[in-house]
Amino acid sequence: MIVAVDGPAAAGKGTLARKLAQHYGLAHLDTGGLYRAVALRVLRARLDPTEPVGAEKAARALAPADLADPDLRLERTAEAASKVAVIPGVRAALLEFQRAFAFKPPGGAKGAVLDGRDIGTVVLPDADHKLFVTASPESRARRRWAELAAVPGRPSLAEVEGQVRERDARDRERAVSPLKPAPGAFLLDTTDLDIDAAFAAAKAYISGPN
Ligand code: DC
């Protein structure tokens with residue numbers, strides 16, 4: 001069983017994908033983490049994330065340890081990730097890894113949940129279930145801002161909303177694999193839903209109401 005979960009930043013798709021994987025006994029891959037890991041390599045090499053040669057090299061050099069780096073979660077990593085994600089060679093380098101994970105999940109799991117931007121449209125167009133998780137930009141910014149509560153010198157809510165909108169625009173407007181719902185995807189708007197309600201709606205879509 002393969003489940004594709006796509007959507008914009010901070011819509012709740014990561015938490016939802018993790019819960020679905022746990023519930024159905026599937027492996028989970030946060031594909032944004034791959035783009036973040038490429039971005040981190042580029043930033044640490046003091047390269048420009050919009051420059052294709054260095055970014056493609058970083059994508060091809062990715063190793064499992066890169067995916068466990070705590071700096072993956074930093075906002076500047078996220079911003080650079082959405083820049084390297086525009087580069088076709090970076091996307092091509094990460095495509096096979098994502099498909100291999102889905103078709104031969106680690107730990108002998110009987111399937112996988114992948115979350116990202118283009119899973120249902122490009123990476124796994126034949127996925128058994130496709131969800132597109134959205135929420136208003138204001139509520140996504142508020143959630144992201146709340147997550148940053150413990151961070152010293154956290155940006156203002158308005159700054160976080162600006163970052164969210166800027167990243168959305170870059171992810172939706174790029175030429176290669178832009179963020180958009182796959183045909184036939186189940187649209188889940190979490191603006192007024194907490195995680196339990198979102199999970200219940202996703203489960204009902206996948207398994208039926210019972
Ligand atoms: O989901 P996230 O915030 O960790 O993703 C970081 C960036 O990676 C996002 O702005 C766009 C890019 N990305 C992508 O282009 N395709 C994916 N499947 C996942 C993420």
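Only this structure's heavy atoms are used, side chains among them; waters, hydrogens and symmetry mates stay out. Indexing begins at 1, ligand by ligand and atom by atom, following the structure's order.
- Taking the six-membered ring where tryptophan is involved, the planes of Phe199 and His23 are perpendicular, since the angle between them exceeds 60° and thus also 30°.
- Ranking protein heavy atoms by distance to atom 8 (O) of ligand 1, first place goes to Tyr35 CB, 3.4 Å.
- Proximity to Arg167 (heavy-atom distance under 4.0 Å) selects the following atoms of ligand 1: 3 (O), 5 (O), 6 (C), 7 (C), 9 (C), 10 (O).
- At the top of the distance list for atom 19 (C) of ligand 1, counting protein heavy atoms only, stands Thr31 OG1, 3.4 Å.
- When non-hydrogen atoms are compared, ligand 1 lies under 4.0 Å from the side chain of Arg91 (C-beta onward) but not from its backbone.
- The shortest N or O to N or O distance between Arg174 and ligand 1 is below 3.5 Å.
- Although no hydrogens or angles enter the test, the distance criterion places no donor-acceptor pair under 3.5 Å between the side chain of Arg117 and the main chain of Arg172.
- Between the side chains of Arg36 and Thr77, not a single donor N or O lies within less than 3.5 Å of an accepting N or O.
- Residue, atom and distance of the protein heavy atom nearest to atom 4 (O) of ligand 1 are Arg36 NE, 2.6 Å.
- Nearest protein heavy-atom contact of atom 12 (C) of ligand 1 is Ala85 CB, 3.7 Å.
- Shown here for Val90 and Val38, the closest heavy-atom pair between the two residues is CG1-CG1, 4.4 Å.
- Protein heavy atom in closest approach to atom 11 (C) of ligand 1: Asp171 OD1, 3.4 Å.
- Summary of contacts: the protein heavy atom closest to atom 7 (C) of ligand 1 is Ala81 CB, 3.7 Å.
- The side chain to side chain contact (heavy atoms under 4.5 Å, CB included) check on Ala85 picks up Tyr35, Arg91, Arg174, with sequence neighbours excluded.
- Given atom 5 (O) of ligand 1, the protein heavy atom at minimum distance is Arg117 NH2, 3.5 Å.
- A side-chain donor-acceptor contact under 3.5 Å links Ser136 to the backbone of Ser139.
- Less than 4.0 angstrom separates some heavy atom of Lys13 from each of these atoms of ligand 1: 1 (O).
- Taking only nitrogen or oxygen atoms, main chain and side chain alike, Asp115 does not reach within less than 3.5 Å of ligand 1.
- Contact annotation for Ser82 and ligand 1: heavy atoms of both the backbone and the side chain come within less than 4.0 Å of the ligand.
- The side chain to side chain contact (heavy atoms under 4.5 Å, CB included) search around Arg99 returns Leu95, Glu96, Phe103, Val123, Leu124, not counting sequence neighbours.
- Other residues, nucleotides and ligands place no more than 12 heavy atoms under 6.0 Å from the NZ atom of Lys57.
- When each of Lys13, His28, Arg18 is paired with Asp115, the side chain to side chain donor-acceptor pair (under 3.5 Å) condition holds for His28 and for no other.
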